[in-house]
Amino acid sequence: MPTHHQDVPEADRPASRRPDAPRRVAKHRALLRRGSTRRTQLIGLTAALAAAAGTTTVGLASTESGPATATEGTGLNPSQASALTAARIDRRDLGSRDASRISLSLESSLRADADKVVQVRARQLAANAALVQRRALALSAAKAAAAKKAAATAKALADARAAAVAKAAAIAKQAAEAKAAAAAKQAAIAAAAPKIVLPTTGYHLTARFNQAGGRWAHNHTGLDFAAPMGTPVDSVEAGEVIQADWAGAYGRQVKVRHADGTVTSYGHMSEFDVSVGDKVQAGTMVGRIGMTGNTTGPHVHFEVLPGGGSPIDPLPWLQSHGLNP
């Protein structure tokens with residue numbers, strides 16, 4: 001059976017069949033969405049403040065009790081109630097996120113502060129360690145310098161002592177060499193010197209041994225060698241001086257003991273040139289011609305006393321030694 005098409009007025013058409021129904025629904029939803037977005041922003045801000053204060057509600061009786069309850073409480077249609085529920089859920093999630101962000105921010109700030117404290121402490125410890133190390137190095141350097149100075153001082157003292165010892169040894173060696181040289185010189189002089197000499201020079205004999213006369217209390221005991229005043233008087237042989245003193249009638253007198261024990265005597269001298277204990281050689285001056293004691297003119301009274309005893313005639317004694325006055 002053929003179907004007849006019958007036009008229906010636009011106003012009588014069902015909403016689902018109206019051509020512009022989708023546009024009106026979309027426009028209504030856009031308006032509802034914009035309003036819902038504004039409410040959501042306001043409610044989200046309130047929820048963030050409430051979440052920061054430790055609450056999960058903002059004074060709205062928002063629960064997930066379902067669209068019917070929301071519709072009954074607010075007078076909204078199901079779409080609006082659904083949007084409001086979604087906004088409440090977003091608000092709650094936003095509050096939770098904001099609280100989490102705040103918590104994370106606080107934790108991050110605390111961690112950053114703790115890190116700064118740790119860094120400051122680490123820098124302080126590093127600075128203290130560096131200071132301790134510098135002090136240790138300075139102390140070590142000071143100890144090394146002190147040890148070096150002490151070693152240098154000890155070395156200088158040792159060198160000074162060694163130099164002093166060497167100098168003393170050199171001086172002692174020089175003294176020994178000088179002494180040896182002097183001894184050698186004396187030995188050479190002694191070797192070169194005559195073994196025996198006459199007691200003076202430029203003389204003439206004025207009295208002989210055992211001669212008698214009014215000038216003496218007894219016979220003459222020696223030989224008188226007359227010579228000008230001040231003429232040197234010499235030891236006839238090498239020996240040691242055993243007397244150099246005033247001897248009464250003999251005036252200034254010197255006696256010398258020789259190697260064989262014989263003593264020779266020199267009297268009436270004007271001065272002494274030796275002292276007791278002096279070593280003399282043949283020809284060593286012991287004094288000078290004078291007129292001290294019992295005498296009538298300048299001369300030296302020469303005597304020979306074997307073994308230091310009684311005098312003998314000096315003339316044969318001198319002749320026996322190769323001299324002939």
Side-chain angles (χ1 to χ4, degrees), residues 186-325:
Q186 290 296 328
I189 292 173
K195 300 300 181 183
I196 189 168
V197 296
L198 292 174
T200 190
T201 59
Y203 65 90
H204 64 278
L205 295 178
T206 56
R208 295 179 181 272
F209 181 75
N210 208 22
Q211 183 176 340
R215 292 178 293 177
W216 309 291
H218 304 285
N219 290 344
H220 196 243
T221 55
L223 289 176
D224 289 344
F225 291 81
M229 286 287 293
T231 301
V233 175
D234 302 328
S235 175
V236 295
E237 280 188 322
E240 179 182 356
V241 177
I242 60 173
Q243 178 183 324
D245 202 355
W246 185 268
Y250 291 100
R252 288 188 176 89
Q253 185 182 51
V254 170
K255 287 185 177 181
V256 178
R257 179 184 290 116
H258 304 289
D260 61 355
T262 299
V263 174
T264 55
S265 174
Y266 313 86
H268 307 304
M269 292 190 298
S270 60
E271 66 179 53
F272 300 129
D273 287 284
V274 292
S275 300
V276 175
D278 288 350
K279 304 294 183 181
V280 296
Q281 301 296 326
T284 300
M285 187 172 72
V286 295
R288 293 183 181 275
I289 294 293
M291 293 179 60
T292 57
N294 187 10
T295 180
T296 57
H299 72 282
V300 58
H301 177 78
F302 176 68
E303 291 184 358
V304 176
L305 300 89
S310 298
I312 62 172
D313 188 355
L315 183 59
W317 185 85
L318 291 171
Q319 290 174 343
S320 67
H321 288 82
L323 298 177
N324 190 18

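Count residues from 1 along the sequence.
Taking all atoms of both residues into account, the shortest heavy-atom contact from R208 to L315 is NH1-CD2, 3.8 Å. Taking every heavy atom of both residues into account, P311 and F209 meet most closely at O-CZ, 4.0 Å. Counting all heavy atoms, side chain and backbone alike, D273 lies closest to G287 at OD2-CA, 3.2 Å. Considering all non-hydrogen atoms of both residues, A282 and V197 come closest at C-CG2, 4.2 Å.
Side-chain atoms of T292 come within 3.5 Å of backbone atoms of R252 as a donor-acceptor pair (strictly under, hydrogens ignored).
Using bins of under 30°, 30° to 60° and over 60° for the plane-to-plane angle, the ring pair H299/H268 lands in the tilted bin. Between F302 and Y266, the ring planes lie tilted relative to each other; the angle falls in the 30° to 60° range.
Considering NZ of K195 and CD of Q281, their distance stands at 8.5 Å, rounded to 0.5 Å. Atom CG of D234 is separated from atom OG1 of T284 by 7.5 Å, given to the nearest 0.5 angstrom. With rounding to the nearest 0.5 Å, the separation of CG in D313 from OG1 in T221 is 10.5 Å.
When only modelled atom types and interatomic distance are considered, E237 and T264 share no side-chain donor-acceptor pair under 3.5 Å.
With sequence neighbours left out, T231 forms a side chain to side chain contact (heavy atoms under 4.5 Å, CB included) with T200, T201, A227, P228, I289.
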Table please: side-chain donor-acceptor pairs of residues 316-325 below 3.5 Å, with sequence neighbours left out.
residue	atom	partner	partner atom	Å
Q319	NE2	N324	OD1	3.0
S320	OG	P316	O	3.4
S320	OG	W317	O	2.5
H321	ND1	W317	O	2.8

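Two residues are said to be in side-chain contact when any heavy atoms from C-beta on lie closer than 4.5 Å; V286 and F272 fail this criterion. Side-chain atoms of Q253 and H301, non-hydrogen and from C-beta on, never get closer than 4.5 Å to each other. Counting only heavy atoms from C-beta outward, the side chains of Y203 and L198 approach each other to under 4.5 Å.
A side chain to side chain contact (heavy atoms under 4.5 Å, CB included) with I242 holds for exactly one of V256, V263, V254; it is V263. Considering R257, K279, K255, H258 as possible partners of E240, the one that fulfils the side chain to side chain donor-acceptor pair (under 3.5 Å) test is K279.
Under the 4.0 Å criterion applied to side-chain N and carboxylate O atoms, E271 and R288 are assigned as salt-bridge partners.
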